[in-house]
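These notes concern the structure reproduced below.
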Amino acid sequence: MVLAIGLAFMLLLILAGIGWPWFAQYGRISWRWPAGFTLVVLTLILLGYQHLGRFTLVQQEVLRQQEAMRLNNMLDKQSDDPTLYRLQQRIRQSPDNGGGWLSLAQHYLYRNEFDDALFALQQAERLQGANAVLDAARATVLYYQADKKMTKEVAYWLQQSLAKEPLQYTALMLQASDQFTHGRYVEAIAIWQQLLDSDNPEVDRAVIIQALALARMMQHAS
(Lines give C-alpha, C1' and ligand atoms only; values in the text may rest on other atoms or scores of the structure.)
Protein backbone atom coordinates (compact mmCIF):
# COMPACT_ATOMS: atom_id res chain seq x y z
CA MET A 1 0.00 0.00 0.00
CA VAL A 2 2.79 2.42 0.90
CA LEU A 3 4.52 1.60 -2.37
CA ALA A 4 1.28 2.21 -4.28
CA ILE A 5 0.82 5.63 -2.67
CA GLY A 6 4.44 6.47 -3.44
CA LEU A 7 3.95 5.51 -7.08
CA ALA A 8 0.81 7.62 -7.27
CA PHE A 9 2.68 10.59 -5.82
CA MET A 10 5.48 10.13 -8.35
CA LEU A 11 2.85 9.99 -11.07
CA LEU A 12 1.43 13.31 -9.90
CA LEU A 13 4.89 14.85 -10.12
CA ILE A 14 5.30 13.49 -13.63
CA LEU A 15 1.89 14.82 -14.65
CA ALA A 16 2.74 18.19 -13.17
CA GLY A 17 5.88 18.25 -15.28
CA ILE A 18 3.89 17.33 -18.36
CA GLY A 19 1.11 19.83 -17.66
CA TRP A 20 3.31 22.78 -16.82
CA PRO A 21 4.14 23.66 -20.47
CA TRP A 22 0.38 23.61 -21.23
CA PHE A 23 -0.26 25.93 -18.30
CA ALA A 24 2.58 28.20 -19.34
CA GLN A 25 1.17 28.47 -22.86
CA TYR A 26 -2.58 28.77 -22.19
CA GLY A 27 -2.53 30.19 -18.69
CA ARG A 28 -4.78 27.50 -17.22
CA ILE A 29 -5.11 23.75 -16.91
CA SER A 30 -8.01 21.69 -15.63
CA TRP A 31 -7.32 19.73 -12.46
CA ARG A 32 -9.76 17.01 -13.52
CA TRP A 33 -7.67 15.14 -16.08
CA PRO A 34 -4.49 14.60 -13.96
CA ALA A 35 -6.58 13.76 -10.88
CA GLY A 36 -8.76 11.34 -12.81
CA PHE A 37 -5.79 9.74 -14.52
CA THR A 38 -4.03 9.35 -11.17
CA LEU A 39 -7.09 7.68 -9.66
CA VAL A 40 -7.24 5.20 -12.53
CA VAL A 41 -3.55 4.35 -12.22
CA LEU A 42 -3.81 3.99 -8.44
CA THR A 43 -6.74 1.60 -8.87
CA LEU A 44 -4.77 -0.45 -11.37
CA ILE A 45 -1.81 -0.60 -9.00
CA LEU A 46 -4.01 -1.82 -6.13
CA LEU A 47 -5.63 -4.43 -8.36
CA GLY A 48 -2.17 -5.53 -9.46
CA TYR A 49 -1.09 -6.00 -5.86
CA GLN A 50 -4.23 -8.03 -5.18
CA HIS A 51 -3.54 -10.33 -8.12
CA LEU A 52 0.13 -10.51 -7.15
CA GLY A 53 -0.89 -11.69 -3.68
CA ARG A 54 -3.07 -14.38 -5.18
CA PHE A 55 -0.24 -15.43 -7.50
CA THR A 56 2.09 -15.71 -4.49
CA LEU A 57 -0.42 -17.95 -2.72
CA VAL A 58 -0.65 -20.14 -5.81
CA GLN A 59 3.15 -20.37 -5.95
CA GLN A 60 3.29 -21.35 -2.28
CA GLU A 61 0.70 -24.05 -2.82
CA VAL A 62 2.61 -25.43 -5.82
CA LEU A 63 5.82 -25.52 -3.77
CA ARG A 64 3.98 -27.24 -0.91
CA GLN A 65 2.64 -29.90 -3.26
CA GLN A 66 6.09 -30.41 -4.80
CA GLU A 67 7.62 -30.84 -1.35
CA ALA A 68 4.90 -33.30 -0.34
CA MET A 69 5.50 -35.29 -3.53
CA ARG A 70 9.23 -35.38 -2.90
CA LEU A 71 8.66 -36.53 0.67
CA ASN A 72 6.43 -39.33 -0.53
CA ASN A 73 8.93 -40.36 -3.20
CA MET A 74 11.70 -40.42 -0.60
CA LEU A 75 9.70 -42.59 1.77
CA ASP A 76 8.48 -44.86 -1.04
CA LYS A 77 11.96 -45.41 -2.48
CA GLN A 78 12.52 -49.12 -2.91
CA SER A 79 15.81 -50.55 -1.72
CA ASP A 80 17.34 -53.77 -0.46
CA ASP A 81 18.96 -51.72 2.32
CA PRO A 82 17.28 -52.85 5.57
CA THR A 83 18.52 -49.78 7.45
CA LEU A 84 16.96 -47.44 4.92
CA TYR A 85 13.67 -49.34 5.10
CA ARG A 86 13.69 -49.17 8.91
CA LEU A 87 14.33 -45.41 8.87
CA GLN A 88 11.59 -44.88 6.29
CA GLN A 89 9.11 -46.80 8.43
CA ARG A 90 10.17 -44.88 11.51
CA ILE A 91 9.40 -41.57 9.81
CA ARG A 92 6.08 -42.84 8.45
CA GLN A 93 5.07 -43.66 12.01
CA SER A 94 6.41 -40.37 13.45
CA PRO A 95 6.72 -37.81 10.62
CA ASP A 96 7.25 -34.96 13.10
CA ASN A 97 10.28 -36.62 14.70
CA GLY A 98 13.24 -34.40 13.79
CA GLY A 99 15.70 -36.98 15.07
CA GLY A 100 14.32 -39.52 12.62
CA TRP A 101 14.92 -37.15 9.72
CA LEU A 102 18.48 -36.51 10.94
CA SER A 103 19.17 -40.24 11.07
CA LEU A 104 17.76 -40.62 7.57
CA ALA A 105 19.98 -37.78 6.34
CA GLN A 106 23.04 -39.43 7.85
CA HIS A 107 22.19 -42.71 6.17
CA TYR A 108 21.70 -41.00 2.81
CA LEU A 109 25.15 -39.46 3.27
CA TYR A 110 26.53 -42.96 3.87
CA ARG A 111 24.88 -44.03 0.60
CA ASN A 112 26.33 -40.97 -1.22
CA GLU A 113 22.79 -39.76 -1.98
CA PHE A 114 23.59 -36.17 -1.18
CA ASP A 115 20.48 -34.40 -2.49
CA ASP A 116 18.22 -36.66 -0.44
CA ALA A 117 20.46 -36.14 2.59
CA LEU A 118 20.15 -32.36 2.29
CA PHE A 119 16.40 -32.59 1.86
CA ALA A 120 16.08 -34.78 4.94
CA LEU A 121 18.15 -32.22 6.87
CA GLN A 122 15.76 -29.49 5.77
CA GLN A 123 12.89 -31.48 7.24
CA ALA A 124 14.81 -31.97 10.48
CA GLU A 125 15.52 -28.24 10.72
CA ARG A 126 11.88 -27.40 10.00
CA LEU A 127 10.89 -29.54 12.98
CA GLN A 128 13.77 -28.82 15.37
CA GLY A 129 14.91 -25.39 14.34
CA ALA A 130 18.48 -24.49 13.42
CA ASN A 131 21.13 -25.94 15.73
CA ALA A 132 24.82 -26.80 15.77
CA VAL A 133 24.29 -30.49 15.01
CA LEU A 134 22.24 -29.83 11.88
CA ASP A 135 24.66 -27.13 10.69
CA ALA A 136 27.58 -29.55 11.06
CA ALA A 137 25.62 -32.30 9.30
CA ARG A 138 24.84 -29.97 6.40
CA ALA A 139 28.51 -28.98 6.16
CA THR A 140 29.50 -32.65 6.07
CA VAL A 141 27.04 -33.51 3.29
CA LEU A 142 28.15 -30.53 1.22
CA TYR A 143 31.81 -31.42 1.81
CA TYR A 144 31.43 -34.93 0.42
CA GLN A 145 29.12 -33.73 -2.33
CA ALA A 146 31.94 -31.40 -3.41
CA ASP A 147 34.35 -34.36 -3.55
CA LYS A 148 35.94 -33.55 -0.18
CA LYS A 149 36.57 -29.87 -0.90
CA MET A 150 36.31 -27.16 1.71
CA THR A 151 34.09 -24.86 -0.33
CA LYS A 152 32.84 -21.49 0.88
CA GLU A 153 29.45 -23.04 1.59
CA VAL A 154 31.00 -25.83 3.66
CA ALA A 155 33.11 -23.32 5.59
CA TYR A 156 30.03 -21.17 6.22
CA TRP A 157 28.02 -24.00 7.79
CA LEU A 158 31.00 -25.09 9.86
CA GLN A 159 31.32 -21.55 11.13
CA GLN A 160 27.61 -21.48 11.98
CA SER A 161 27.88 -24.76 13.85
CA LEU A 162 30.94 -23.82 15.89
CA ALA A 163 29.49 -20.39 16.67
CA LYS A 164 26.56 -22.15 18.33
CA GLU A 165 28.66 -24.91 19.93
CA PRO A 166 32.45 -24.35 19.92
CA LEU A 167 33.22 -28.01 20.66
CA GLN A 168 30.72 -29.51 18.22
CA TYR A 169 32.16 -32.94 17.54
CA THR A 170 31.14 -33.47 13.91
CA ALA A 171 32.23 -29.99 12.86
CA LEU A 172 35.67 -30.27 14.48
CA MET A 173 36.19 -33.79 13.17
CA LEU A 174 35.43 -32.58 9.65
CA GLN A 175 37.87 -29.71 10.03
CA ALA A 176 40.61 -31.98 11.40
CA SER A 177 40.08 -34.59 8.68
CA ASP A 178 40.30 -31.95 5.97
CA GLN A 179 43.51 -30.55 7.47
CA PHE A 180 44.99 -34.05 7.66
CA THR A 181 43.98 -34.88 4.08
CA HIS A 182 45.82 -31.80 2.81
CA GLY A 183 48.97 -32.55 4.80
CA ARG A 184 48.44 -29.85 7.42
CA TYR A 185 49.27 -32.18 10.28
CA VAL A 186 50.00 -29.51 12.90
CA GLU A 187 46.53 -28.02 12.44
CA ALA A 188 44.87 -31.45 12.48
CA ILE A 189 46.73 -32.45 15.66
CA ALA A 190 45.67 -29.21 17.37
CA ILE A 191 41.99 -29.84 16.63
CA TRP A 192 42.10 -33.49 17.69
CA GLN A 193 43.97 -32.59 20.86
CA GLN A 194 41.33 -29.95 21.60
CA LEU A 195 38.64 -32.60 21.34
CA LEU A 196 40.61 -35.07 23.43
CA ASP A 197 41.09 -32.50 26.21
CA SER A 198 37.43 -31.51 26.21
CA ASP A 199 34.62 -32.91 28.31
CA ASN A 200 32.45 -33.48 25.25
CA PRO A 201 30.67 -36.81 25.86
CA GLU A 202 30.37 -37.41 22.10
CA VAL A 203 34.14 -37.73 21.70
CA ASP A 204 35.29 -41.22 20.78
CA ARG A 205 38.60 -41.11 22.60
CA ALA A 206 39.96 -44.29 20.99
CA VAL A 207 39.38 -42.87 17.50
CA ILE A 208 40.95 -39.53 18.44
CA ILE A 209 44.03 -41.17 19.97
CA GLN A 210 44.55 -43.27 16.84
CA ALA A 211 44.14 -40.19 14.63
CA LEU A 212 46.65 -38.25 16.72
CA ALA A 213 49.19 -41.06 16.53
CA LEU A 214 48.86 -41.29 12.75
CA ALA A 215 49.08 -37.51 12.30
CA ARG A 216 52.22 -37.29 14.44
CA MET A 217 53.81 -40.15 12.53
CA MET A 218 53.02 -38.42 9.21
CA GLN A 219 54.33 -35.13 10.61
CA HIS A 220 57.71 -36.67 11.50
CA ALA A 221 57.89 -38.48 8.17
CA SER A 222 57.29 -35.36 6.10
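These numbers come from a predicted model, not from an experiment. Heads up: numbering here begins at 1 and tracks the sequence.
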**Item:** Check: R126/Q123 side-chain N/O donor and acceptor closer than 3.5 Å
**Value:** yes
**Message:** Working to the nearest 0.5 angstrom, can you tell me the gap between T83 OG1 and Y110 OH?
**Reply:** 8.0 Å
Only pairs under 3.5 Å count here: list side-chain donor-acceptor contacts from residues 202-213, not counting sequence neighbours, and write none if there are none.
residue : atom : partner : partner atom : Å
D204    : OD1  : A206    : N            : 3.3
D204    : OD1  : V207    : N            : 3.3
R205    : NH1  : L196    : O            : 3.0

State, to 0.1 Å, how close [X] and [Y] come at their nearest heavy-atom pair, and which atoms those are.
X: F180; Y: A188; result: N-CB, 3.8 Å
X: W101; Y: P95; result: NE1-O, 3.0 Å
X: G99; Y: Q128; result: N-NE2, 3.2 Å
X: L195; Y: L167; result: CD2-O, 4.3 Å
X: A124; Y: G98; result: CB-O, 3.7 Å
X: A132; Y: S161; result: O-OG, 2.8 Å

Would you mind writing out the side-chain donor-acceptor pairs for residues 145-160 within the sub-3.5 Å range, not counting sequence neighbours?
residue : atom : partner : partner atom : Å
Q145    : NE2  : D115    : OD1          : 3.1
T151    : OG1  : V154    : N            : 3.2

**Asked** Can you check side chain to side chain contact (heavy atoms under 4.5 Å, CB included) on I191 and M173, steps first, answer last?
**Response** CA-CA 8 Å; I191 296 172; M173 286 296 289; over 6 Å; no
Which donor-acceptor pairs under 3.5 Å do the side chains of residues 133-144 make with protein atoms, sequence neighbours left out?
residue : atom : partner : partner atom : Å
D135    : OD2  : K164    : NZ           : 2.6
R138    : NH1  : E125    : OE1          : 3.2
R138    : NH2  : E125    : OE1          : 2.9
T140    : OG1  : A136    : O            : 2.8
Y143    : OH   : D178    : OD1          : 2.8

**Message:** With a 3.5 Å distance limit and no angle check, can you tell me whether E113 reaches the backbone of D116 through a side-chain donor-acceptor pair?
**Reply:** no
**Request:** Check the pair L174 / T170 against side chain to side chain contact (heavy atoms under 4.5 Å, CB included), numbers first and verdict last.
**Result:** CA-CA 6 Å; L174 180 60; T170 302; 5.6 Å; no
